[in-house]
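Structure first, commentary second.
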Number of protein chains: 2
Amino acid sequence: MATIYDVAKAAGVSPKTVSRVLNGDAPVNEKTRAAVHAAIGQLNYVPSSAARTMRSQRSGLVGMITGAISTSPHFEPTGLPEIYLVQGAQRVFAEHNLTLLIADTGGHAERVPDLLHTFLEHRVEGILYVAEYHQEVHLPGNLRGRHMVLVNCFDAVGTPCVLPDDEGGQFAVVDGLIGKGHTRIGFLTLPERQAARPHRTEGYRKALAKHGIAFDEDLVIAGAISDVAHEYDLLWDALDRLLRIPDPPTVICCANDKMAMRVYGLLRERGLEIPKDICLVGYDDYRMISEHMHPPLSSVDLPYGAMGARAAAKLIRLISGTSKPNEPSRELVSGPVAWRESVRPRDRVVTPFQTWRRET
Amino acid sequence: MATIYDVAKAAGVSPKTVSRVLNGDAPVNEKTRAAVHAAIGQLNYVPSSAARTMRSQRSGLVGMITGAISTSPHFEPTGLPEIYLVQGAQRVFAEHNLTLLIADTGGHAERVPDLLHTFLEHRVEGILYVAEYHQEVHLPGNLRGRHMVLVNCFDAVGTPCVLPDDEGGQFAVVDGLIGKGHTRIGFLTLPERQAARPHRTEGYRKALAKHGIAFDEDLVIAGAISDVAHEYDLLWDALDRLLRIPDPPTVICCANDKMAMRVYGLLRERGLEIPKDICLVGYDDYRMISEHMHPPLSSVDLPYGAMGARAAAKLIRLISGTSKPNEPSRELVSGPVAWRESVRPRDRVVTPFQTWRRET
DNA sequence: ATGGTTTATGACACCGATGTCATGACATCG
DNA sequence: CGATGTCATGACATCGGTGTCATAAACCAT
């Protein structure tokens, strides 16, 4: 590879002048500048980030640790969120001339220290620590004192973090459903241990309260439990109970799109047609699912791309020291509700529950 | 940050000796080694990759360019494949003490030169160029002469590449279906422009040929076209034609899981139950879809993780110059067929087509 | 005892940028 | 016209490691 000395020689100037042309830190005569640029083109010169890093003590690198946490032995490497996070973050970093280093633990949390060491060798200027789903994490101590932003997770000591606005998302979808005339809104929730669950439930309650609709606990049932083995039975039972209550729901909110996908099948088995007989909404808006279900599934967008971008911006502010003094350490990111054909207004839904109940 | 000089001073040795302890390139006395390690721990020393890079001319970095190609204006950022690729590749790189730089074009191919320049500044030792789906690409000229491996794509000049074994995958699934007694096997193919299509079709033909079953062109219809706007109508029509032929299929192979997902809905609309009345298989094995369909979908695993790992290994061989002299520039990676409940043996399938035809 | 080899260590230069300081050529001003 | 300031450029040291070479001590064989 050509060096700055080669360029200097070819252009008949000193290396320092070439440096000035590249960095614009001092005026350079127009003719000199042209000669230098010509030499650079000729030699295919690309400056060495390593040399620059040594002198300036700035690496231009940021690290991202993903897949770091495997709380469940049935770790499910769906990976979907991460790619959007990466894209969102990388876009922002690129605008600030930062390059993204990526390390994936593959679910083995014990690899984190090693990966971190590698990052430090490369003198990353900051680190994004990404969790698979909204949860609390406990960071290894050697991360202290580094610029860092947690994404999709938070810790007990107030490390800056970016989280999905679960309460806002659930509020928005329930508020929207009520706006379409629904008043009996079933809610198949996440397992109890999930950090998002209380926030989602709070959003559900607040939306009801806004419209003066009483909260009915019969309408809210866990649609999944931590123990994956019995998940399917549980969902069947939860749905069964929802449909058997005296005044059954005209729409069901599922905790995520995967759950909604199964509910499609279960409802069809019972002879219920979506959205004619009952409406359905999901959460996450995995478009690969929601757009291709039949009919397409309404869902709350879990804005991973935006979260990545917001986290990157936050990290850049930390690095550059331009954080506002009272900037909150916790940022919530909202996504829109994607309304699709799985939902129609209440007055166009005809719940044939009596019929169905007679049959079983 | 502590430097090697600080460590040397603290341990009472020369910097070079510290370097030897770190790299093990020459024998060091046991007591000296212990003193050095103690000093390293004390000072929290992490060697600077920048300084090491300058001297040794090896950066320990490899780059990956993803999302580079947007052939379609309706670019669909599913992103699913990439995360597995990243994980697979990163695992192998980590074993070789290489760190992965990631740049995502977000579908804007014109950004590639810039991203590439950044990679070169960091003196990456090799580059993986990843396409969204199996296709031909044309690389910008300035990539020539770099160690590079194409993933999920190939070019006209024989750049080393790693591709999914589309022929083998389709062969395996059709061979398996025939093994289960099926002889009338419908095939909803990819759009014509897709590079994978001829390979898949060849696999389909070879599996039939192996068992002496005649190829029936009525059974093979494009299930999708490039023009996204009419995709759904086309699929409806293709399925309709498949089901109306004199001796209709007992199982249908879909070109991908998204298509299969829609076919679930379309078949149900026609009153056909999977797998009782007709069986279905997909391709890609997006487990988020295949495992959660009702019933779960049989599908050919498109082994992105393995492709990432194979590509990484290939790149490492290029970098280290240990490629076998006659190593093929093109590597095919196969994945297993995931058999699930959407398929059952032929003798347990009761096709009620006569009934259905009377109705319509 | 002596020469040859191995072991353990240090001195020093170098990788390729850039920060600091110095310098010469002009332009401007009182 | 000399003092002062601005512009354009170069010399040199430095960032933190490692390759090369030198050297001293310990070990071994004759």
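In what follows, chains carry the letters A, B, and so on, assigned in the order in which the sequence lines appear, proteins first and then strands, with residues in each chain numbered from 1.
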Phosphate-side-chain proximity, [X] and [N], N/O vs OP1/OP2 below 4.0 Å:
X       : N      : answer
A/Ser19 : C/dT18 : yes
B/Arg52 : D/dT18 : yes
A/Gln57 : D/dT14 : no

Selection: residues 40-48 of chain A, any non-hydrogen atom under 4.0 Å of DNA chain D
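Heavy-atom cutoff 4.0 Å gives no residues at all.
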For a quick test of your reading: what N or O donor-acceptor pairs under 3.5 Å do the side chains of residues 111-119 of chain B make, sequence neighbours left out?
| residue | atom | partner | partner atom | Å |
| --- | --- | --- | --- | --- |
| B/Arg111 | NH1 | B/Thr105 | O | 2.9 |
| B/Thr118 | OG1 | B/Asp114 | O | 3.2 |

Residues forming a side-chain contact (heavy atoms from CB on, under 4.5 Å) with [X], sequence neighbours excluded:
X        : value
B/Ala312 : B/Ala89, B/Val92, B/Phe93
A/Arg310 : A/Val162, A/Glu331, A/Val333
B/Thr3   : B/Tyr5, B/Asp6
B/Arg91  : B/Ala309

With sequence neighbours excluded, what pairs up with B/Glu95 under the side-chain hydrogen bond (donor to acceptor under 3.5 Å, both in side chains) test?
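So B/Glu95 forms no side-chain hydrogen bond (donor to acceptor under 3.5 Å, both in side chains) with any residue.
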Partners of B/Arg20 by side-chain hydrogen bond (donor to acceptor under 3.5 Å, both in side chains), sequence neighbours excluded?
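For B/Arg20 there are no side-chain hydrogen bond (donor to acceptor under 3.5 Å, both in side chains) partners, ignoring immediate neighbours.
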Would you say the side-chain atoms of A/Glu125 pair up with the backbone N or O of A/Ser59, donor to acceptor, closer than 3.5 Å?
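Answer holds: yes.
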Closer than 3.5 angstrom, by distance alone: can the side chain of B/Arg123 be matched with the main-chain N or O of B/Leu120 as a donor-acceptor pair?
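Yes: the side chain of B/Arg123 pairs with the backbone of B/Leu120.
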Any idea which of D/dG19, D/dG17, C/dA17 is nearest the B/Ala51 side chain?
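Selected nucleotide (nearest to the side chain): D/dG17.
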Please round to 10 degrees the angle between the axis of the first five pairs and the axis of the last five pairs in the helix from C/dA1-D/dT30 to C/dG30-D/dC1.
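Angle reported: 40°, given to the nearest ten degrees.
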Could you run through nucleotides 5-11 of chain D and give me one letter per nucleotide, 5' to 3': B if any protein heavy atom sits under 4.0 Å from the base, S if only the sugar-phosphate is that close, - if neither?
---SBBB
Rounded distance in Å - NZ (A/Lys9) to C1' (C/dG16):
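After rounding, the reported distance stands at 14 Å.
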Atom-pair distance (NE2 on B/His122; C1' on C/dG16), nearest Å
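About 15 Å, once rounded to whole Å.
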Pairs touching residues 39-49 of chain B that satisfy side chain to side chain donor-acceptor pair (under 3.5 Å), sequence neighbours left out:
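Residue pairs with at least one partner in residues 39-49 of chain B: A/His122-B/Ser49.
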B/Tyr5 or A/Ile4, whichever maps to the more 5' nucleotide of DNA chain C:
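In this pair, the answer is B/Tyr5.
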Set of residues satisfying ring-ring contact (aromatic ring centres under 6.0 Å, His included) with respect to B/Phe154, sequence neighbours excluded:
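Partners of B/Phe154 under the ring-ring contact (aromatic ring centres under 6.0 Å, His included) test: B/His134.
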